[in-house]
Amino acid sequence: VINITSIDGQRLNPWETYSYHASKSALIYLTKRMAARLVRDAINVTSIAPGAFPSEMNKAARDHGDTIARGIPAGRIGTDEDMAGAAIYLASRAGDYVVGETITVDGGLVHAALGTSIDA
């Protein structure tokens, strides 16, 4: 089982999308809970949390990809191959020992972006 979550379940964004944040966070934790129960039946449960990918839902990435890419550590928005690679890995024997984990596919936005300093 590969659930599709979102980086918005892992971090805050500047928009007031409360129900979206809550539902994606809940799906990340549901993935962990399902994994804990189903792994003993040899069913592996994981998730993928995409960042900026061009789509109907993410029109900013679709219509202004170059601008959005400037705020992403990898310097680009995601491609179909990025998501496919993560899914193939998790569905293959290579990912068989990854249980209950969420793979973040976002060009480093969640885990490799430097925040701002509060020091003067």
Side-chain angles (χ1 to χ4, degrees):
V1 176
I2 302 172
N3 290 319
I4 303 301
T5 59
S6 171
I7 62 170
D8 290 337
Q10 300 175 310
R11 57 121 194 170
L12 296 174
N13 73 34
W15 304 286
E16 294 186 12
T17 52
Y18 305 112
S19 60
Y20 187 76
H21 279 139
S23 66
K24 294 304 181 175
S25 294
L27 186 53
I28 289 169
Y29 279 88
L30 179 63
T31 297
K32 293 173 187 261
R33 186 65 191 104
M34 288 173 59
R37 167 57 189 87
L38 294 174
V39 69
R40 62 185 126 166
D41 295 325
I43 299 171
N44 199 0
V45 182
T46 56
S47 76
I48 299 172
F53 283 79
S55 67
E56 280 298 310
M57 185 175 164
N58 191 338
K59 291 180 178 146
R62 183 192 71 195
D63 299 340
H64 309 285
D66 291 339
T67 302
I68 299 300
R70 286 188 222 128
I72 298 172
R76 66 179 181 86
I77 60 173
T79 66
D80 293 345
E81 292 82 7
D82 295 321
M83 285 295 289
I88 290 167
Y89 166 68
L90 290 173
S92 73
R93 174 64 182 93
D96 195 44
Y97 205 57
V98 178
V99 179
E101 187 60 58
T102 296
I103 305 291
T104 307
V105 182
D106 72 342
L109 193 58
V110 170
H111 299 296
L114 297 174
T116 58
S117 175
I118 59 170
D119 298 330

Side-chain donor/acceptor of N3 to backbone N/O of T5, under 3.5 Å
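Checked: no pair found.
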Would a distance-only check, ignoring hydrogens and angles, find a side-chain to backbone donor-acceptor pair under 3.5 Å from D82 to T79?
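Indeed, once roles are kept as given, a pair shorter than 3.5 Å links the two residues.
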Going by heavy atoms in the side chains, are [X] and [Y] under 4.5 Å from each other?
{"X": "R70", "Y": "T67", "answer": "yes"}
{"X": "T17", "Y": "K24", "answer": "no"}
{"X": "T46", "Y": "I103", "answer": "no"}

Interatomic spacing from [atom1] in [X] to [atom2] in [Y] - rounded to 0.5 Å:
{"X": "T102", "Y": "Y29", "atom1": "OG1", "atom2": "OH", "value": "9.0 Å"}
{"X": "K59", "Y": "I68", "atom1": "NZ", "atom2": "CD1", "value": "14.0 Å"}
{"X": "I48", "Y": "L90", "atom1": "CD1", "atom2": "CG", "value": "5.0 Å"}
{"X": "L30", "Y": "K32", "atom1": "CG", "atom2": "NZ", "value": "12.0 Å"}

Identify whether I2 and V105 are in the same connected component of the hydrophobic contact network (ILVMFWY, side-chain heavy atoms under 4.5 Å).
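I2 and V105: one cluster.
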Going only through I, L, V, M, F, W and Y residues with side-chain contacts under 4.5 Å, is there a path from I28 to I4?
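As far as the 4.5 Å side-chain criterion goes, I4 and I28 are not connected within one cluster.
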Closest heavy-atom contact between [X] and [Y]?
{"X": "P54", "Y": "I77", "value": "CD-CD1, 3.7 Å"}
{"X": "D8", "Y": "Y20", "value": "OD2-CE2, 3.6 Å"}
{"X": "A52", "Y": "I72", "value": "CB-CD1, 3.9 Å"}
{"X": "G108", "Y": "P73", "value": "O-CG, 3.5 Å"}
{"X": "V98", "Y": "Y89", "value": "CG2-OH, 3.2 Å"}
{"X": "V45", "Y": "T31", "value": "CG1-O, 3.7 Å"}

Taking it one step at a time, do Q10 and T104 satisfy side-chain hydrogen bond (donor to acceptor under 3.5 Å, both in side chains)?
CA-CA 9 Å; Q10 300 175 310; T104 307; 2.9 Å; yes
Considering only NZ, NE, NH1 and NH2 on the basic side and carboxylate oxygens on the acidic side, decide whether R11 and D106 come within less than 4.0 Å.
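Salt bridge: no.
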Heavy-atom count around D66 CG within 6.0 Å, excluding the residue itself: above 12?
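Counting neighbours around CG of D66, 12 or fewer heavy atoms of other residues, nucleotides or ligands fall under 6.0 Å, so no.
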